[in-house]
Amino acid sequence: MPIVLVLTIVLIVVAWLVLHFKKSWSYWEKRGIKVPPVTFPFGHAQSYMMQKKSLHVMYQDFYNDHKAKKLKYGGFYFSTTPVLILVDLDLIKQVLVKDFASFTDRPMYVNEKADPLSGVTFNLKGQRWKDVRVKITESYTTDKMKMMFEGFGKHADELNEIMNGHACEKRPVDIKDVFARFTMDTIGTTGFGIDCNGLRNNESEFRKYAMKAFRRDLFGVFKDFLLKICPKLMFSLNVRFFPKDVSDFFIKLVGDIVKQRESNNITKKDLMQLLIELKNRTGEHDGTGMTINEMAAHAFGFFNAGFDTASTALTFCFYELSKSSHIQEALRNEIREVLKKHDFQITYNAITEMTYLDKCVSETLRMYPPTGILIRQCTKTYTFPGTNLTIEKGTQIRLPLLGIHYDPEHHPDPLKFDPERFSSENKSTRHPFAWMPFGEGPRNCLGMRFGLMQVKVALVAMLKDYKFSLSDKTKLPITFNTKNLTLRSEQDIWLNVEKC
Ligand code: HEM
């Protein structure tokens with residue numbers, strides 16, 4: 001190719017890029033919003049994109065800065081994508097609940113044809129989301145929850161055996177690793193009806209592909225970035241969010257389970273059973289049935305939504321309890337008293353009676369909300385009440401949970417682990433949106449009750465028999481992992497275990 005042609009192409013590309021960045025970075029100014037200086041090509045997201053800060057801490061810093069300036073919202077550029085960050089809780093309520101009709105979607109990449117697993121409920125948009133949410137909500141009622149509760153028992157016993165080994169041999173336990181394996185096992189049993197053997201055998205196929213679905217190396221971060229800034233191009237190129245082998249593994253797994261159960265007339269008390277019932281509705285109620293790919297997306301979504309969130313909550317709850325022996329002791333006393341009334345059995349009803357347990361879990365989720373942020377996309381041009389701010393369809397919104405949950409105006413002395421913040425009296429004095437680890441409004445978490453139960457069962461099973469304290473193997477201070485999309489500690493958390 002002649003050199004002149006090459007130079008011309010390079011010049012055109014550079015000129016296009018300069019114009020594109022200039023135009024993109026004028027978006028907020030045109031709407032009268034002053035933004036902090038941007039860095040090429042990251043916009044305001046350099047610290048996250050260069051893996052220096054976790055995504056959640058990056059948004060928390062932005063929140064704190066705007067809150068200090070008494071601003072109710074601020075404009076942010078995720079590279080060239082304009083993102084509105086809300087600080088004021090009344091505006092947040094407006095988006096999540098009052099004017100939900102203008103914010104029904106999340107700006108997630110969905111390509112159900114090329115990447116069936118991208119069709120998880122969390123990602124779906126518009127009418128497709130509404131239809132699926134109605135259909136799938138049936139699987140998350142209290143009755144279905146109680147039915148799936150039985151699946152936890154076996155894994156709680158295994159957890160107990162593992163802890164016993166550590167206590168007898170006086171070996172500290174890596175709590176992050178143990179709870180990742182416990183939550184993987186409970187989800188395998190209650191979601192897929194399979195034994196993942198995570199607690200006994202680290203190398204199961206399920207664990208291998210499940211971990212691969214979550215891993216984000218630099219290439220993954222770059223792909224996420226492209227999916228965010230040019231989703232239409234990525235869609236037309238049939239780019240996948242999840243690797244093909246992960247997708248093939250889950251679709252085959254679900255297909256095999258369905259075949260095996262249907263040909264042997266097997267029914268189990270798990271999510272798969274509920275999905276099989278939904279699948280078999282086709283024909284009876286037109287359009288309400290499910291394909292194997294859709295079933296795989298929901299089962300994977302169940303795993304995706306429930307695995308990291310619950311293991312994060314458990315890890316941080318044990319970390320905080322290990323630092324505050326008096327709170328741990330008070331919780332153990334409540335657990336033992338309630339279990340005594342229930343024949344020492346860990347039942348659904350026994351757990352719902354444990355009010356201090358609920359406070360400890362709520363406080364953990366305040367300090368460590370596993371998803372870190374809430375995400376919405378504007379679906380109709382919208383003017384925020386009481387402001388001059390109008391945003392168009394397509395504008396992305398972030399609600400920084402970490403910022404809100406550590407805001408001293410809502411939670412005084414925010415670094416202190418204090419379950420009493422969740423007494424009825426204290427709760428009634430707070431803005432109801434000052435604590436939102438499960439989101440709010442019609443798109444809130446579908447698996448809240450399931451997630452809470454999973455966390456509480458493990459806490460009860462452990463604290464009734466063992467005392468935990470922080471091991472000096474834990475490297476302090478704890479920081480958040482910079483690669484993960486959910487909140488995770490960078491360090492392993494090692495605890496000493498004693499039988500009591
Ligand atoms: C401690 C555990 C969990 C936490 C902290 C958590 C948190 C969240 C949050 C913050 C959202 C976004 C809500 C919003 O944008 O308003 C969400 C959505 C969702 N969660 Fe959870 N979750 C947990 C466990 C689970 C479990 C176990 C499941 C499944 C059984 C689940 C299923 C879902 C689904 C399907 C959505 C998407 C809802 C929709 O878009 O309609 N979650 N979760």
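Just so you know, ligand 1 is whichever comes first in the structure, and atom 1 is the first atom listed for that ligand.
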Only heavy atoms of [X], strictly under 4.0 Å: list the atoms of ligand 1 that pass.
X: T121; answer: 40 (O), 41 (O)
X: F302; answer: 29 (C), 30 (C)
X: F450; answer: 27 (C)
X: E440; answer: 16 (O)
X: W129; answer: 39 (C), 40 (O), 41 (O)

Would [X] and [Y] count as having a side-chain donor-acceptor pair, cut-off 3.5 Å?
X: Y466; Y: N160; answer: yes
X: D99; Y: S102; answer: no
X: D407; Y: Y63; answer: yes
X: T186; Y: Q454; answer: yes
X: D90; Y: H431; answer: yes

Min heavy-atom dist [X] to ligand 1 below 4.0 Å:
X: P370; answer: yes
X: L374; answer: yes
X: R106; answer: yes

Quick one: do I346 and I351 satisfy side-chain contact (heavy atoms from CB on, under 4.5 Å)? Show the steps, please. CA-CA 7 Å; I346 305 177; I351 286 192; 3.7 Å; yes
Aromatic centroids of F250 and Y209 separated by under 6.0 Å: no
Is the distance between the ring centroids of F103 and Y382 under 6.0 Å? yes
For the residue pair T309 and P370, what are the closest heavy atoms and their distance? O-CG, 3.5 Å
Nearest non-hydrogen protein atom, [atom]:
atom: atom 7 (C) of ligand 1; result: P437 O, 3.3 Å
atom: atom 15 (O) of ligand 1; result: R376 NH1, 2.7 Å
atom: atom 39 (C) of ligand 1; result: R133 NH1, 3.4 Å

Given a cut-off of 2.8 Å, the protein N, O or S atoms lying below it from atom 21 (Fe) of ligand 1 are C445 SG
Between S428, S423, S424, which is the residue that forms a side chain to side chain donor-acceptor pair (under 3.5 Å) with N426? S423
Cation over ring face, R366 and F417, 6.0 Å, 45°: no
Under 6.0 Å from the ring centre and within 45 degrees of the ring axis: does the NZ or CZ of R443 meet both conditions for the six-membered ring of F100? no
At a non-hydrogen distance cut-off of under 4.0 Å, which region of R443 contacts ligand 1 (side chain, backbone, both, or neither)? both
